[in-house]
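Only one structure is covered here, and it is reproduced in the block below.
Atoms within a ligand are numbered from 1 in the order they appear, just like the ligands themselves.
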Amino acid sequence: MSDTKLVNRLTICLGVEGTAHTIGVGIVSGSKILANVSRTYVPTKGGIHPREAARFHADKLKIVLEEALQKSNINLKQIDVIAFSIGPGLGPCLRTVATAARALAMRLEVPILGVNHCVGHVEIGRLTTGAQDPLTLYVSGGNTQVIAFESGRYRIFGETLDIAVGNCLDRFAREVGLPHPGGPQIEKLAAQANEYISLPYSVKGMDLAFSGLLTAASKEYYKTKKLPEICYSLQETAFAMLTEVTERALAHTGKSEVLLTGGVAANKRLQGMLRLMSEEHNANFLVVPFEYAMDNGTMISWLGLLMLQHGVRHTIEETAVRQRFRTDEVDVVWR
Ligand code: ATP
Ligand code: FE2
């Protein structure tokens with residue numbers, strides 16, 4: 001296919017996401033979202049098992065793909081390019097999705113692009129909220145990063161040094177017998193609290209740590225059994241830490257927009273803290289709609305399309321997965 005056809009305004013990109021729990025397919029045409037379909041693996045016991053999640057993705061991909069095509073009212077032959085999440089993420093999950101994406105691209109004889117998952121979160125956030133040049137707080141089960149565009153790249157201004165904030169919430173929930181995912185359960189219980197219990201607050205320069213907080217909250221639970229109070233205090237402490245680092249990055253970068261994304265973005269208390277902080281700095285506060293804040297295929301297809309339109313091409317050899325692919329390793333040629 002000629003390059004002129006590929007960078008047409010109506011170019012259709014199908015994106016596959018599968019870095020962790022979620023297998024998703026998104027289809028975009030130009031900047032129009034045609035479909036966003038996903039299924040999420042919930043471990044029966046304990047945390048996520050990478051190989052089990054990969055098997056889940058392999059099982060569900062067919063149905064997710066069919067539903068996405070149906071919703072967008074197109075057939076496979078109309079797809080102009082395939083994008084997939086090349087990393088960061090869990091090895092077995094990434095390899096499953098990459099294999100499927102390569103097979104699809106070869107069968108359809110269209111180009112393939114491996115895209116960075118975290119940058120996908122930022123770009124779909126810009127598309128769905130209209131943010132131009134935001135400072136982004138990306139908070140999920142696997143990631144916690146403060147990101148801003150600077151000299152051709154998405155730079156990481158702060159990040160967790162151990163576990164992600166969503167993982168901290170999920171593990172605390174599991175410890176005290178609440179169902180997975182823990183974030184929404186903790187948010188509900190926190191609303192019933194009458195008391196703040198002091199927990200360790202861990203900000204180191206621009207970076208954060210959550211494992212000490214997780215241990216202390218669990219210990220507190222075994223000592224006092226005051227579950228709503230501990231949920232409340234856990235949220236207050238973790239979210240104050242996130243807000244502090246975001247505020248410092250905002251002052252440093254001088255951006256005028258704050259964008260919140262990732263699964264934890266659903267939390268109303270976190271939104272409230274960040275909104276207040278943003279207002280104090282005369283910055284516009286934006287939250288990515290939940291459907292596109294969680295892991296989703298649409299962010300992958302949208303980023304794939306942006307890359308394609310700006311001349312990025314990948315050979316099959318270049319589609320090897322990158323488990324530790326960092327946000328700041330991507331050349332952001334489309335901005
Ligand atoms: P990633 O691959 O980007 O790390 P993920 O696999 O963790 O993503 P997401 O769907 O982005 O998937 O996020 C899931 C996380 O969001 C879980 O940790 C869950 O507890 C958290 N979460 C969802 N709703 C809420 C809420 N209302 N409050 C706090 N956390 C929430
Ligand atoms: Fe994600």
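- In summary, C118 places no N/O/S atom under 2.8 Å from the Fe ion (ligand 2), failing the contact criterion.
- Vertex the Fe ion (ligand 2); arms to D295 atom OD1 and H117 atom NE2; angle 100° (nearest 10°).
- A salt bridge does not link R326 to E329: none of the charged side-chain nitrogens sits closer than 4.0 Å to a carboxylate oxygen.
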Can you give the donor-acceptor pairs under 3.5 Å from side chains of residues 198-208 to other protein atoms, not counting sequence neighbours?
residue : atom : partner : partner atom : Å
Y201    : OH   : A240    : O            : 3.4
Y201    : OH   : E244    : OE1          : 2.5
D207    : OD1  : E159    : N            : 2.9

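- Evaluation of the side-chain hydrogen bond (donor to acceptor under 3.5 Å, both in side chains) rule for D170 yields no partner, not counting sequence neighbours.
- Salt-bridge annotation for R126 and E123: present, with a side-chain N of the basic residue lying under 4.0 Å from a carboxylate O of the acidic one.
- Residues lining ligand 1 at a heavy-atom distance below 4.0 Å are given as T19, A20, H21, H117, H121, Y138, S140, G141, G142, N143, G166, L169, D170, P181, G182, G183, P184, E187, G263, V264, A266, N267, M294, D295, ordered by chain and residue number.
- Clustering of Ile, Leu, Val, Met, Phe, Trp and Tyr by side-chain heavy atoms under 4.5 Å joins Y232 with Y196.
- If you check the side chains of T22 and D295, you find no donor sitting under 3.5 Å from an acceptor.
- E67 and R39 are joined by a salt bridge, as a carboxylate oxygen and a charged side-chain nitrogen come within less than 4.0 angstrom of each other.
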